[in-house]
Protein chains: 2
Amino acid sequence: MNTDNTKSQMRKGMLEYCIMLLLRRQPCYANDIIQKLHEADMIVMEGTLYPLLSRLKRDGLLGYEWRESTQGPPRKYYVLTPDGHEALAQLDASWEEIQRTVSILKS
Amino acid sequence: MNTDNTKSQMRKGMLEYCIMLLLRRQPCYANDIIQKLHEADMIVMEGTLYPLLSRLKRDGLLGYEWRESTQGPPRKYYVLTPDGHEALAQLDASWEEIQRTVSILKS
DNA sequence: TATGAATACCTTGTATCGCAAGGTACCCGA
DNA sequence: TCGGGTACCTTGCGATACAAGGTATTCATA
């Protein structure tokens, strides 16, 4: 069905923003992110998330630290860097702009 | 700069929705769409728009009719089909959902 | 000790899509 | 008749989401 595809497209571009919003509140590791985005009705796959986190890390917007887990292997907790906070502030502005655009087109 | 890229990504998925929103109000031809989206702060290139319109046409969400122009060659005016209106209603819902998701993540 | 399940990290291949650049066709005035 | 403006479309490229598959660590249990 076409609508599913378009809907998926709409969410696509928002992923990076949503992940950074999440990390602004607290450091998270991958499964944290998947679960918490899911609770907010945003689906993200493992194969999507890991490359995305690596890219944000490479661009200096995220850092990480290893933390031991009580169960299973250690976890990579990602955190926003100062550059990340700055980029996120710009994305906040972009989000406002998109909301305004849609609002105009709906009126 | 990375933020520009991400910002572009955010707009990407919204394009199809914005174009359909525009066509809900009135039939438009390509340059109409480019100009009116631009007025609403949404940039779209020719090379993006034409394939997108063709795809929506192929999927039965848009139709078109040729209209003579007072200046230059005739224009292809696109209109929403009944299926298009239905799909657009679903996209309205998706848009609401995305807004809610971001709202949750910002809180 | 061995082994299997659970958890966590990551990579590869494919499909989709926006964008830059280039191409064709039509109209009209000089 | 020819050049500029307008309009439609295609091709090649890069970015990215997703599905599928792979590796490593931990722990309970046989």
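Predicted, not measured: the structure shown is a model, and the values here were computed from it. Lettering follows sequence order; numbering is per chain, from 1.
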Would you name the heavy atoms of C18(A) and L105(B) that are closest together and state the gap between them? CB-CD1, 3.5 Å

Below 4.0 Å: OP1/OP2 of dC8(D) and any side-chain N or O of Y29(B): no

Looking only at dC9(C), dG18(C), dT7(C), the nucleotide nearest the K12(B) side chain is dG18(C)

Can you establish whether the number of heavy atoms outside K57(B) located under 6.0 Å from its atom NZ is more than 12? no

Interatomic distance, Y50(A) OH vs dG22(D) P [rounded to whole Å]: 17 Å

Earlier contact from the 5' end, DNA chain C, for V44(B) and P74(B): V44(B)

For the pair made of CH2 in W66(A) and C1' in dT25(D), what is the distance, rounded to whole Å? 10 Å

Please report, rounded to the nearest Å, how far the C1' atom of dA25(C) is from the CD atom of E68(B). 14 Å

Does the gap between the ring centers of Y64(B) and Y77(B) come in under 6.0 Å? no

In whole Å, what is the span from the CD atom of E46(B) to the C1' atom of dC9(D)? 9 Å

Which residue lies toward the 5' end of DNA chain C, G47(A) or G72(A), if each is placed at its nearest nucleotide? G72(A)

Expressed as a whole number of angstroms, how long is the span from L52(A):CG to dC9(C):P? 15 Å

Given dC10(C), is OP1 or OP2 found less than 4.0 Å from the side-chain N or O atoms of K76(A)? yes

Please pick, from dA17(D), dA19(D), dC9(D), the nucleotide with the shortest atom-to-atom distance to any side-chain atom of M45(A). dA19(D)

Could you please name the option among dC8(D), dC26(C), dT25(D) that lies closest to any side-chain atom of P73(B)? dC26(C)

Pick the nucleotide of DNA chain D nearest each of P51(B) and T70(A); which residue has the one closer to the 5' end? P51(B)

Indicate, with a heavy-atom threshold strictly under 4.0 Å, whether Q9(B) touches base, sugar-phosphate, or nothing. sugar-phosphate

Co-members of I43(A) in a cluster of I, L, V, M, F, W and Y side chains, linked at under 4.5 Å: M45(A)

Any chance CD of E86(A) has more than 12 other-residue heavy atoms, nucleotides or ligands included, within less than 6.0 Å? no

Given dT7(C), is OP1 or OP2 found less than 4.0 Å from the side-chain N or O atoms of R75(A)? no

Among dC9(C), dC17(C), dG22(C), which is the nearest nucleotide to the side chain of R55(B)? dC17(C)

Integer-rounded Å distance: dC8(D) P and K57(B) NZ: 15 Å

Atom CD1 of I19(A) to atom C1' of dA17(D): distance rounded to whole Å? 11 Å

Do W95(B) and L23(B) belong to the same hydrophobic cluster, where Ile, Leu, Val, Met, Phe, Trp and Tyr are linked whenever their side-chain heavy atoms lie under 4.5 Å apart, directly or via other members? yes

Those residues of residues 93-104 of chain B lying under 4.0 Å from DNA chain D by at least one heavy atom: none

Atom pair distance, as rounded to whole Å: CE in M14(A) and C1' in dC17(C): 18 Å

Does a sphere of radius 6.0 Å around NE2 in H85(A) hold more than 12 heavy atoms from other residues, nucleotides or ligands, not counting ones at 6.0 Å or beyond? yes

Counting N and O atoms only, with roles assigned by atom type, does the side chain of T81(B) sit under 3.5 Å from a partner on the main chain of G60(B), one being a donor and the other an acceptor? yes

